[in-house]
Amino acid sequence: MTIKLYNTYTKKIEEFKPIEKGKVRMYNCGPTVYDYVHIGNYRTYLMADFLRRVFEYSGYKVKQIKNITDVGHLTQDDIEAGEDKILKAAKRERKSPIEIARFYESVFFEDEKKLNILPAHKFPKATEYINQMIEMIKTLIEKKYAYEVNGSVYYDVTKFQNYGKLSGNTIENLKNGARLDIHPDKKNAYDFALWLKASPEHLMQWKSPWGKGYPGWHIECSAMSSSNLGSTIDIHTGGEDNIFPHHEDEIAQSEGTSEKKFVNYWIHGRHLMVDGKKMSKSKNNFYKISDIEKKGFNPLAFRYLCFTTHFQSQLNFTWKSLEASQNALNKLYNFIRSNDVIAKSEATKQSLNYMQITKNYNKQFQQALENNLDTPKAIAIIWEIIKSNKLDHNLKKELLLKFDKVLGLDLDKIKQDKIKLVTKFKIPIGVKMIEITNTTGEIITDEIRDFIAEREKARKEKNFIKSDEIRNRILNKGYIIEENKNGKTIRKK
Ligand code: AMP
Ligand code: ZN
């Protein structure tokens with residue numbers, strides 16, 4: 001059993017070898033809690049969750065740390081403007097920075113639960129690691145990697161020999177690229193802030209050997225990673241935009257301090273896109289988990305959607321693709337709920353043939369996981385099992401329930417009838433809204449909603465020929481619309 005992963009550092013798919021036998025130390029760059037975490041961010045957290053589940057499925061013990069950035073996360077522009085994102089939000093919402101951070105953090109925890117993302121073993125908060133950051137910065141100054149100017153401390157990128165190894169942005173390449181205006185305090189244009197002097201009105205500031213100030217964003221992760229997992233860790237994850245400068249700078253800080261290798265495997269997920277552009281808060285082209293729920297989707301449909309494309313390929317988000325994922329999920333749920341019509345006896349179940357087929361599927365599934373987290377393949381195997389005419393219905397269910405330990409699609413809850421597939425939606429008929437109960441839970445398309453509205457109108461006008469004709473059109477689209485004591489219901493044929 002060997003898990004192979006694509007390592008951004010070496011640009012190769014490598015066999016995973018743990019630092020400590022049977023154990024994985026993993027750090028995930030977590031959310032900045034100044035606003036809602038969007039589904040693009042969750043794509044990256046779903047990758048980390050899947051990674052953890054694959055290791056656990058394969059018998060490893062994982063220690064997973066996911067930080068909460070509740071101060072900092074300064075971009076170059078923010079530094080120039082002297083403002084961090086949480087402070088901006090505090091001003092915008094007229095709340096204290098702590099209130100802002102705690103509110104968005106609580107929504108984040110709820111969303112992660114809805115997506116079946118297993119809670120990390122610890123969620124360290126940047127504001128609780130200021131001392132550790134200061135200690136690291138002190139060491140970096142002693143070792144001449146960093147310098148202090150006017151109450152701020154910068155990292156001198158020319159001092160770190162391996163700078164640029166992760167991202168390809170070596171000093172030379174940076175110099176050949178876009179010119180940066182040199183900040184008056186910096187020795188080199190690409191030096192980055194470890195500590196920033198705070199102006200008196202700055203809301204979040206701490207005492208330090210260099211006067212009152214606040215930390216840069218990158219130092220937070222270096223400090224929280226080493227404090228919780230030690231100087232060298234197995235895996236560090238993030239989205240592709242974290243590669244530079246965030247992770248490049250983390251390496252410079254952590255290796256500068258400890259003189260040891262910081263991370264053995266760097267795993268980065270590609271972005272979730274909308275209309276060909278990265279989903280991001282600044283572009284205002286993002287959706288929240290509550291947005292997808294409002295449209296009647298189960299957040300797990302988004303989890304399923306993420307599995308349909310490999311994490312290291314871009315995924316373009318569309319409502320149509322989410323709808324297809326919801327429908328696939330419902331099919332899966334209906335399969336788990338359904339009973340075998342011609343149940344095979346226990347004796348047949350034990351037959352050699354069945355055992356061999358089950359073993360093969362188990363092997364194929366495990367191989368898909370180990371092959372750099374090939375989720376599209378894993379999903380394809382699920383459907384192959386469902387369609388197979390060589391396996392008994394209950395054996396199929398057993399396999400799927402086992403695989404769901406990694407997929408996390410709630411199949412077990414479905415089996416125990418803990419999730420209702422029923423959804424309700426409303427459509428406007430004239431000035432009124434009528435409620436329709438969907439007893440099989442699929443997303444009802446706009447086309448069918450329009451048919452329902454048209455049919456209601458015809459019924460009101462007592463044009464029963466027309467209403468029957470529209471009912472048949474709905475039937476042709478695969479849905480049965482009925483009237484019973486529960487009101488109007490629609491269900492998949
Ligand atoms: P941030 O709060 O901006 O630091 O982002 C949190 C995490 O989400 C980081 O690991 C980012 O790389 C990742 N991320 C940001 N935008 C996207 C996106 N559109 N798709 C996937 N991951 C993203
Ligand atoms: Zn980070």
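For ligands, and for the atoms within them, numbers begin at 1 and follow the listed sequence. Predicted model, so just to flag it, every value in this text is computed and none were measured. Throughout, residue positions are numbered sequentially from 1 according to the sequence presented.
A cation-pi arrangement is absent between Lys159 and Tyr145 under the rule of less than 6.0 angstrom and at most 45 degrees off the ring axis. Lys187 forms a cation-pi arrangement with Tyr147, by the criterion of a distance under 6.0 Å to the ring centre and an angle within 45° of the ring axis. A cation-pi arrangement, defined by a distance under 6.0 Å to the six-membered ring centre and an angle within 45 degrees of its axis, is absent between Lys197 and Trp210. Under the 6.0 Å distance and 45° angle rule, Lys281 counts as a cation-pi partner of Tyr34.
Side-chain polar atoms of Glu250 and Ser225 form no donor-acceptor pair below 3.5 angstrom. Under 3.5 Å, the side chains of Gln326 and Asn330 contain a donor-acceptor pair of N or O atoms. A donor-acceptor contact closer than 3.5 angstrom links the side chains of Arg52 and Gln64.
For the pair Leu272 and ligand 1, the shortest N or O to N or O distance falls below 3.5 Å. Residue Ser280 has no nitrogen or oxygen atom sitting less than 3.5 Å from a nitrogen or oxygen atom of ligand 1, judged on distance alone. The shortest N or O to N or O distance between Gly30 and ligand 1 is not below 3.5 Å.
Ligand 1 does not have Phe286 within reach: every non-hydrogen atom of the residue lies 4.0 Å or more from it. Using 4.0 Å as the threshold, His38 has a heavy atom nearer than that to some atom of ligand 1.
In the vicinity of Asn41, heavy-atom distances shorter than 4.0 Å reach the ligand 1 atoms 5 (O), 6 (C), 7 (C), 8 (O), 13 (C), 14 (N), 15 (C), 16 (N). Close contacts of ligand 1 with Gly238, meaning ligand atoms under 4.0 Å from a residue heavy atom, involve 10 (O). Listed by number with element, the atoms of ligand 1 under 4.0 angstrom from any heavy atom of Thr32 are 2 (O), 4 (O). The ligand atoms of ligand 1 that sit less than 4.0 angstrom from a heavy atom of Met279 are 16 (N), 18 (C), 19 (N).
The side-chain contact (heavy atoms from CB on, under 4.5 Å) check on Met47 picks up Thr237, Ile267, Phe311, with sequence neighbours excluded. For the ring pair (Phe, Tyr, Trp, His ring centres under 6.0 Å) test, no residue two or more places apart in sequence or in another chain qualifies with Tyr163.
In this comparison of Asp35, Asn28, Thr44, the heavy atom closest to atom 13 (C) of ligand 1 sits on Thr44. Of the listed options Asp241, Asn67, Val33, Asp241 places a heavy atom closest to atom 12 (O) of ligand 1.
Using cut-offs of 30° and 60° on the angle between ring planes, the pair His246 and Trp217 is parallel.
Each protein N/O/S atom under 2.8 Å from the Zn ion (ligand 2) was counted, for a total of 3.
Partner of Phe307 under the ring pair (Phe, Tyr, Trp, His ring centres under 6.0 Å) criterion, out of Phe403, Phe50, Phe302, Trp383: Phe50 alone.
Contacts between Met273 and ligand 1, counted as non-hydrogen atom pairs separated by less than 4.0 Å, are absent for every part of the residue.
Residue pairs meeting the ring pair (Phe, Tyr, Trp, His ring centres under 6.0 Å) criterion with at least one partner in residues 111-137, sequence neighbours excluded, are Phe109-Phe123.
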